[in-house]
Protein chains: 2
Amino acid sequence: MSSTQMLKGILDGCLLALIAEEELYGYELATKLAAYGFSDISEGTIYPLLMRMQKLGWIEATHRVSPSGPKRKYYTVTPDGRTELAAFTTRWQKLSASVQHILKEES
Amino acid sequence: MSSTQMLKGILDGCLLALIAEEELYGYELATKLAAYGFSDISEGTIYPLLMRMQKLGWIEATHRVSPSGPKRKYYTVTPDGRTELAAFTTRWQKLSASVQHILKEES
DNA sequence: ATCTACTACCTTGCTTTACAATATAGCAAG
DNA sequence: CTTGCTATATTGTAAAGCAAGGTAGTAGAT
C-alpha cells in the first residue's frame, strides 16, 4: 500500500484551495505542493486534474507569456469552484475527524 | 465528486485500527463504522478489503458459530498488521497536516 | 409449510483517479 | 548546437470503493 491512494479525492480540493489564494499555473503548482508537505506530485497528475476541473467549470484559464519559457496557463477559481471548495472542506473535516477518532482508540 | 474517492487508502487503515482494538467480523464492521462517523460503507467494500488484507498477512480469520445466523468470520491483527497500522498512522498524520495547512490559508 | 426478515458472507462489473512514461516545444547560456 | 530549464499535454495502467446481485443460515408469524 503506497501513499498515493490516500490522495484520491483530496488533491483536487487542495489544488482548488491553492488557486483560490492566488492565480497559479500548472508547473508552479507541481513545485508548490512540495512546500506544503506533499511529496512529488507529478505533472501527469496535475495537468489532467486541472483540465478536469476546468471542464467542470470550477476553474478558468488565461494564457500569459513567461519570462523564461513557453506561455503559462494561469488558473483562477470560478464561483462554482468556490462552492465546490467549501463542500470539499466540509467533507474533509468530517472524514478527518472520523479517522482521528478511530486512530485515537489505541493508546 | 462524491465522498467515496476520499476513502481510498484510508479505509484499510481504519479497519486495521478497529480490529486491533477487538476481534471483529465483517458484518459487524459494516455497522460499526457508522458509529465512527462513516456513512454507509457497504459490504461490497468491506469483504473484498478484508480478504485483501488477509492475503497480505495483516489479519487472520477464525470461524465461530453465531447465536443468530450463519457462522461468523472473526478477524485479528497479525504482527505484520500492527507494523502496517503504525505505518498507516504515520502516513495519515502527515497527509492530514498537509491538507489542514493548505485549507487554513483561506481565512 | 411458507413467508418475511434479519444475519452473514462473497462475487462481478463499473468508475474514478493518481501516476509513470512519453511527447512536444520555447527560451537561454555556454 | 547542445544542454538544461521551463511549460503543457497525452496515453496506458493499476488500485480501490461500491452498487448490484447472489447464496445461506436462523427464527418468528401466519
Side-chain angles (χ1 to χ4, degrees), chain A residues 1-16 19 23-34 38-56 58-59 61-75 84 88 91 95 98-99, chain B residues 1-16 23-34 38-56 58-59 61-75 88 91 95 98-99:
Chain A
M1 186 168 75
S2 78
S3 177
T4 79
Q5 288 292 326
M6 274 194 191
L7 293 172
K8 305 215 176 207
I10 291 175
L11 255 189
D12 38 10
C14 290
L15 290 202
L16 265 185
I19 298 171
E23 232 183 8
L24 289 172
Y25 57 98
Y27 190 80
E28 196 180 7
L29 274 166
T31 58
K32 192 149 196 156
L33 279 170
F38 293 90
S39 51
D40 278 339
I41 309 294
S42 81
E43 300 166 6
T45 300
I46 289 181
Y47 287 115
L49 213 171
L50 287 172
M51 287 186 285
R52 200 189 309 152
M53 293 200 293
Q54 186 178 17
K55 188 177 285 179
L56 286 169
W58 299 351
I59 55 177
T62 56
H63 279 97
R64 260 200 255 123
V65 290
S66 161
S68 61
K71 276 191 293 186
R72 294 170 178 168
K73 209 166 161 185
Y74 282 89
Y75 288 97
E84 178 54 34
F88 164 77
R91 276 203 309 278
L95 173 70
S98 295
V99 176
Chain B
M1 183 169 72
S2 77
S3 177
T4 78
Q5 288 292 327
M6 274 196 190
L7 293 172
K8 305 212 176 204
I10 292 176
L11 256 189
D12 38 10
C14 290
L15 290 201
L16 265 184
E23 231 183 9
L24 289 173
Y25 57 100
Y27 189 82
E28 194 179 8
L29 274 166
T31 58
K32 192 150 196 157
L33 279 170
F38 293 90
S39 50
D40 278 339
I41 308 293
S42 81
E43 300 169 7
T45 299
I46 289 181
Y47 287 115
L49 214 171
L50 288 172
M51 286 187 284
R52 200 190 309 153
M53 293 200 293
Q54 186 179 17
K55 189 177 285 179
L56 286 169
W58 299 352
I59 55 178
T62 57
H63 279 95
R64 250 173 296 106
V65 291
S66 161
S68 62
K71 274 190 292 186
R72 295 171 177 168
K73 209 165 159 186
Y74 281 90
Y75 288 97
F88 164 78
R91 276 203 310 278
L95 173 70
S98 296
V99 176

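From a predicted model like this one, the values you see are computed outputs, not experimental measurements. Chain A is the first sequence line, chain B the second, and so forth, proteins listed ahead of strands; every chain is numbered from 1.
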Legend entry - Sequence-distant partners of B:Y25, side chain to side chain donor-acceptor pair (under 3.5 Å), two or more places apart: B:R72

Inset, instruction - Sugar-phosphate means primed atoms, P, OP1 and OP2; the rest is base. With that split, encode nucleotides 18-30 of chain C 5' to 3' as B, S or - using protein heavy atoms under 4.0 Å. - result: SBBB---BBS---

Legend entry - Atom pair distance, as rounded to whole Å: CG in A:L24 and C1' in D:dA7: 14 Å

Inset, instruction - Establish, with yes or no, whether the OP1 or OP2 oxygen of D:dA7 is under 4.0 angstrom from a side-chain nitrogen or oxygen of A:Y25. - result: yes

Inset, instruction - Just compare C:dT7, C:dC10, D:dT8 and give me whichever is closest to any side-chain atom of B:Y27. - result: C:dT7

Legend entry - Set of residues satisfying side chain to side chain donor-acceptor pair (under 3.5 Å) with respect to B:E23, sequence neighbours excluded: B:R64

Legend entry - Bend angle of the helix from C:dA1-D:dT30 to C:dG30-D:dC1, from helix axes over five pairs at each end, nearest 10°: 10°

Legend entry - OP1 or OP2 of C:dC10 under 4.0 Å from side-chain N/O of B:Y47: no

Inset, instruction - Apply side chain to side chain donor-acceptor pair (under 3.5 Å) to A:K71 and list each qualifying residue two or more places apart in sequence or on a separate chain. - result: none

Legend entry - Pairwise distance CG(A:L33) to OG1(A:T45) - rounded to 0.5 angstrom: 10.0 Å

Inset, instruction - Using side chain to side chain contact (heavy atoms under 4.5 Å, CB included) as the criterion, list what pairs up with A:S98, not counting sequence neighbours. - result: B:F38

Legend entry - Approximate separation, where rounding is to 0.5 Å, of B:L15 CG and B:K32 NZ: 12.0 Å

Legend entry - Phosphate OP1/OP2 of C:dT7 contacted by B:K71 side-chain N/O (<4.0 Å): no

Inset, instruction - Mind checking the CG-NZ spacing from B:L50 to B:K73? Nearest 0.5 Å is all I need. - result: 8.5 Å

Inset, instruction - Please report the shortest heavy-atom distance between A:I41 and A:A30, naming the atom on each side. - result: O-CB, 4.1 Å

